[in-house]
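Remarks on the structure that follows.
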Amino acid sequence: MYIKDINKIMSKTVFSICTLLITCLTCNAQAMIGVLQLNGTKWIRTYPENPEEVLRTMVFSETTINITSDYRIINDVVTNTYQYYLNDCIPSVFDFSKVGKASKGKYIICYNSRLNRIRCYEFICLEGDILTLHSRPDPNQVIGDKNGTELVYKRIK
């Protein structure tokens, strides 16, 4: 039974990596996207992810992003809401006057009010119902990934 579980996990991991590679190869880097393309959409993260352990979704409105993490192993769901705007570059401070504006940009700029920090995601590609982002690291973070992470989402709404 244990070997079947490992084979199942490995096959899902290989599929996710192949999907990420194909998506990255078929898309132009640093795509521009608009708030109107995101408003009202819901996405489920497919890479990197293990849906048996955690299921992550992202829902966009004109002014906020709700990111929900369903930690299935511990039976806990956490939702964080962030104000955001789109921008062509990564700013040093969050510009609240840009929130809710019908704009386009290469980056999603989010504000974490609890930590008083900016979080940035670079658009890599929006191809059909697949959204690829690069999570940009916070230059002030002391621990964690200093290079950021590629994230792949599938549209579910």
Side-chain angles (χ1 to χ4, degrees), residues 16-51 53-74 76-157:
S16 295
I17 290 170
C18 289
T19 301
L20 174 65
L21 289 173
I22 290 169
T23 301
C24 288
L25 291 173
T26 59
C27 296
N28 293 326
Q30 293 189 347
M32 294 283 284
I33 197 160
V35 169
L36 297 177
Q37 290 173 275
L38 296 173
N39 186 27
T41 61
K42 183 175 183 177
W43 306 83
I44 186 166
R45 193 155 93 183
T46 59
Y47 180 83
E49 209 58 87
N50 183 352
E53 293 179 11
V54 63
L55 185 65
R56 287 189 171 88
T57 57
M58 183 167 55
V59 179
F60 287 89
S61 76
E62 286 183 35
T63 59
T64 61
I65 301 172
N66 290 323
I67 299 176
T68 301
S69 299
D70 182 352
Y71 298 98
R72 295 172 172 206
I73 290 178
I74 59 172
D76 190 21
V77 177
V78 176
T79 300
N80 293 299
T81 301
Y82 306 104
Q83 291 183 322
Y84 83 99
Y85 62 90
L86 302 177
N87 211 29
D88 289 333
C89 60
I90 298 172
S92 57
V93 295
F94 190 84
D95 186 350
F96 288 94
S97 70
K98 293 184 177 183
V99 174
K101 306 293 187 229
S103 64
K104 291 188 176 191
K106 296 177 184 178
Y107 299 93
I108 301 173
I109 312 300
C110 303
Y111 179 68
N112 185 332
S113 59
R114 209 175 33 170
L115 298 175
N116 192 28
R117 287 206 176 145
I118 296 174
R119 180 77 182 170
C120 300
Y121 298 92
E122 179 181 1
F123 284 108
I124 303 300
C125 179
L126 176 58
E127 182 86 16
D129 63 351
I130 303 295
L131 174 65
T132 306
L133 303 172
H134 181 84
S135 174
R136 305 294 293 200
D138 180 343
N140 300 318
Q141 79 181 24
V142 178
I143 59 172
D145 186 0
K146 301 288 186 193
N147 297 316
T149 305
E150 294 295 320
L151 306 171
V152 179
Y153 289 86
K154 180 173 178 39
R155 185 175 178 164
I156 55 176
K157 176 184 168 200

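Judged purely by atom type and a 3.5 angstrom limit, Tyr82 has no side-chain atom pairing as donor or acceptor with the backbone of Ser113. In this structure a side-chain-to-backbone donor-acceptor pair under 3.5 Å is missing from Thr68 to Thr57. Between the side chain of Asn112 and the backbone N or O of Arg117, no donor-acceptor pair lies under 3.5 Å.
Atom CG of Leu126 sits about 5.0 Å away from atom CH2 of Trp43, to the nearest 0.5 Å. Rounding to the nearest 0.5 Å gives a distance of 10.0 Å between CD1 of Ile108 and SG of Cys120. Between the CE atom in Met32 and the NZ atom in Lys104 there is a gap of 7.0 Å [rounded to 0.5 Å]. Rounded to the nearest 0.5 Å, atoms CG (Leu151) and CE (Met58) are 8.0 Å apart. Rounding to the nearest 0.5 Å places CD of Glu150 at 5.0 Å from CD1 of Ile124. With rounding to the nearest 0.5 angstrom, the NE2 atom of His134 is 15.0 Å from the SG atom of Cys125.
Sorted by first then second residue, the salt bridge (Lys or Arg N to Asp or Glu O under 4.0 Å) pairs that include residues 87-97, not counting sequence neighbours, number zero.
Annotation: cation-pi geometry not satisfied between Arg155 and Tyr153 (NZ/CZ under 6.0 angstrom from ring centroid, within 45° of ring axis).
With Phe60 as the partner, the side chain to side chain contact (heavy atoms under 4.5 Å, CB included) test is satisfied by one option alone out of Val35, Asn66, Thr41: Thr41.
In this structure, the ring of Tyr85 has its center no less than 6.0 angstrom from the ring center of Tyr111.
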